[in-house]
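Let me begin by presenting the structure, written as structure tokens, before commenting on it.
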Amino acid sequence: MASPLYALDKSHFNRELYKSLRDLWFPGMENASSASKEAIQRWFGMGLSDDQKKDFDSQCHGLAISALGSISPSTISLPAFTDYESDISRASELAGPLLAEVRDAQAQDEKSGTETLLSLILLLDQMPRNIYRTPSKLPLVYNHYDRLALSLLYSSMSLPQNPVDDAFFKRRPVYTQWLLMPLIHAEHIPSHDLWEKYTDETELLVKEAGDQEALDFLAQGRKSQKQHVEILRKFGRESTAEEVEWLKTGETFGVAKGGKEAEAKDEL
């Protein structure tokens, strides 16, 4: 067996961090199926003052920066990115130590495995977006942490016991939508198709339960995914003059626009 590409610092990657990430992202929502108004405001900044947005970003920074720093590009070296298919084919290698955290938690019980995966996805996919918002920092998000998040999700879905299919979570879109978020952030149409497959399955379960609030939350998720995939279908992965012009005025999902720095290709 090949040696892992990197090791995790267990002083950062542990149950305490994983629970704290879920508590920060889902305050008072332990058994919820849809999100509270307050949670949506924090996630998307709607109706919040600049100071309130900065305060939430500061909380994300304080909780996650040490763990993120311990697996930053200055600390670990990933193979050069060539294409999504190549990364997905070696997802277990790219996410190896992270995947081991999910597998070890699953050995305790199925729900713990999914909780650990959700926490790690929040760490890799969401925390960087609340910490590295400026164009000069975006390569950390798109070229490094997104690769780890997507690799972790794909490799986890390949486990004998797929944590995404956990019965508790699958009926609660407030969790599954964040669990599957790396698929939306990927500039990869098959990943978006896979997101739609899992979301369709969740929607069917929610309809059977007659949970209208959860259905409304799912509808908002579909709207966001549609925005991402329409941009992807229009521009693909290569920058064009049309895209550079669009980036000056179009929806950039919380990413700051800023002169020449914003002209670089950023995954939206």
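We count residues from 1, following the sequence as given.
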**Message:** What verdict does the salt bridge (Lys or Arg N to Asp or Glu O under 4.0 Å) test give for Glu115 and Arg15, after you've listed the backbone C-alpha separation in whole Å, the side-chain angles of each residue and the deciding distance to 0.1 Å?
**Reply:** CA-CA 10 Å; Glu115 287 176 338; Arg15 290 185 185 181; over 6 Å; no
**Request:** Please assess Asp165 against Lys170 for the test salt bridge (Lys or Arg N to Asp or Glu O under 4.0 Å), listing each intermediate value before the final yes or no.
**Result:** CA-CA 6 Å; Asp165 286 333; Lys170 196 140 189 175; 2.6 Å; yes
**Item:** Check against salt bridge (Lys or Arg N to Asp or Glu O under 4.0 Å), Asp125 and Arg129
**Value:** CA-CA 7 Å; Asp125 183 85; Arg129 285 173 164 78; 3.7 Å; yes
**Message:** I'd like to know whether Asp9 forms a side chain to side chain donor-acceptor pair (under 3.5 Å) with Ser11, so could you lay out the CA-CA distance, the side-chain angles of the two residues, the decisive distance to 0.1 Å, and finally the verdict.
**Reply:** CA-CA 5 Å; Asp9 183 340; Ser11 68; 2.6 Å; yes
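For Leu180 against Val164, the heavy-atom pair with the smallest separation is CD2-CG1, 3.9 Å. In plain terms, the two heavy atoms of Pro163 and Thr114 that are nearest each other are O-OG1, 2.8 Å.
Hydrophobic cluster membership is shared by Leu118 and Val174, with clusters built from Ile, Leu, Val, Met, Phe, Trp and Tyr side chains linked at under 4.5 angstrom.
Remark: Lys197 NZ is packed, more than 12 non-hydrogen atoms of other residues, nucleotides or ligands lying under 6.0 Å away.
In this structure the side chain of Leu150 reaches within 4.5 angstrom of the side chain of Leu183, judged on heavy atoms.
When Leu117, Asn162, Leu152 are each tested for a side-chain contact (heavy atoms from CB on, under 4.5 Å) with Met157, only one passes: Asn162.
Within the model, atoms CG of Leu94 and CD1 of Ile88 stand 10.5 Å from one another, a figure rounded to the nearest 0.5 Å. To the nearest 0.5 Å, atom NZ of residue Lys207 and atom CD of residue Gln212 are 9.5 Å apart. Atom-to-atom distance recorded for Arg172:CZ and Leu205:CG is 11.0 Å, nearest 0.5 angstrom.
Under the 30°/60° scheme for interplanar angles, the aromatic rings of Tyr175 and Phe169 are found to stand perpendicular. Note on ring orientation: taking the six-membered ring where Trp is involved, the planes of Trp43 and Phe26 are perpendicular (angle over 60°, cut-offs 30° and 60°).
Checking Ser191 against Tyr154 by side-chain atom types alone, a donor-acceptor pair falls below 3.5 Å. Remark: the Gln59 side chain and the Asp55 side chain contain an N/O donor-acceptor pair separated by less than 3.5 Å.
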